[in-house]
Amino acid sequence: MAIDDLMSRALAALGDVDDPKTIEVVHDLIDASEVTEPLPIADVADMLGITAHTLRYYERAELITVDRDANGHRRYDAAAVRRLVFLTRMRLSGMPMRDLQHYVELVDRGDDTVPERLDILMEHRDTIRRQIRELQFSLVATEYKIATYGGATGP
């Protein structure tokens, strides 16, 4: 399953972004039944649309812990892949590495850190919403210029 498949499944299931079921949808993107055995780094990189180098970087940055097989090769279980889906979405949305590292550190420390994690995510959500508004304005400006030059606007 490539990242395009993940996105299609997420967007189809989401509907309204503010729906409380959003959490379940994101969590279920990589269902444990789909990753029936640990995957090698190349398969996970392919699935997420990122490079093996990025996966190794996330491991060095202590964003994820990965088991190794008898030969020392990385093996990603369903939980690791689910975490990577989250990590890649946060990075794509512009979350700085230091914030992501802090967030993961809090997750690893346990439930006592939920309020602080919530604060981090709410602040990031506000940043994403601002970026979306800015992009919408940029799209309007682009559509205006296209129309100015006689081009067709719209989808």
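Just so you know, these numbers come straight off a predicted model, no measurement behind them. For reference, positions follow the sequence shown, starting with 1.
One hydrophobic cluster, built from ILVMFWY side chains closer than 4.5 Å, cannot hold both Ile132 and Leu121; they sit in different ones. One hydrophobic cluster holds both Val107 and Ile120 under the rule that ILVMFWY side chains link at heavy-atom gaps under 4.5 Å. Residues Tyr57 and Phe86 share a single hydrophobic cluster, defined by chaining ILVMFWY side chains whose heavy atoms lie under 4.5 Å apart.
Distance check, rounded to the nearest 0.5 Å: CG of Leu92 to CD1 of Ile50 gives 11.0 Å. A distance of 11.5 Å separates CG in Leu118 from CG in Leu106, rounded to the nearest 0.5 Å. Note that CZ of Arg82 and CD1 of Ile64 are 11.0 Å apart. Values are rounded to the nearest 0.5 Å. The distance from atom CZ of Arg109 to atom CD of Glu105, rounded to the nearest 0.5 Å, is 5.5 Å. Atoms OG1 and CE, on Thr127 and Met95 in that order, are 8.5 Å from each other to the nearest 0.5 Å. To the nearest 0.5 Å, atom CZ of residue Arg74 and atom CZ of residue Arg68 are 4.0 Å apart.
Contact of the Leu63 side chain with the Met97 side chain is registered, since non-hydrogen atoms from C-beta on lie closer than 4.5 Å. The side-chain heavy atoms of Val114 and Arg117, taken from C-beta on, include a pair separated by under 4.5 Å. You'll find the side chain of Leu39 reaches within 4.5 Å of the side chain of Met47, heavy atoms only. Inter-residue side-chain proximity for Tyr103 and His124 is flagged as unmet; no heavy-atom pair is nearer than 4.5 Å.
Between Ile128 and the choices Gln131, Arg130, Arg125, the side-chain contact (heavy atoms from CB on, under 4.5 Å) rule is met once, by Gln131. Of the candidates Thr65, Ile41, Val66, Glu59 forms a side-chain contact (heavy atoms from CB on, under 4.5 Å) with just one, namely Val66.
For the pair Ala52 and Ala45, the tightest heavy-atom approach, listed with the atom from each and the gap, is N-CB, 3.8 Å. Minimum interatomic distance between Pro115 and Asp111 (heavy atoms only, all atoms of both residues): CD-O, 4.5 Å.
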* I would like to know whether Thr54 and Thr88 meet side chain to side chain contact (heavy atoms under 4.5 Å, CB included); could you show each step before the answer? => CA-CA 10 Å; Thr54 299; Thr88 57; 6.0 Å; no
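Heavy atoms of other residues, nucleotides or ligands lying less than 6.0 angstrom from CZ of Arg60 number more than 12. Within 6.0 Å of atom CG in Asp108, more than 12 heavy atoms from other residues, nucleotides or ligands are found, so the atom counts as buried in its surroundings. No more than 12 heavy atoms of other residues, nucleotides or ligands lie within 6.0 Å of CD in Glu62, so this atom counts as exposed by the packing criterion. Within 6.0 Å of the CD atom in Glu123, the count of heavy atoms belonging to other residues, nucleotides or ligands does not exceed 12. With a 6.0 Å radius and a threshold of 12 heavy atoms from other residues, nucleotides or ligands, Asp69 has its CG atom above the threshold.
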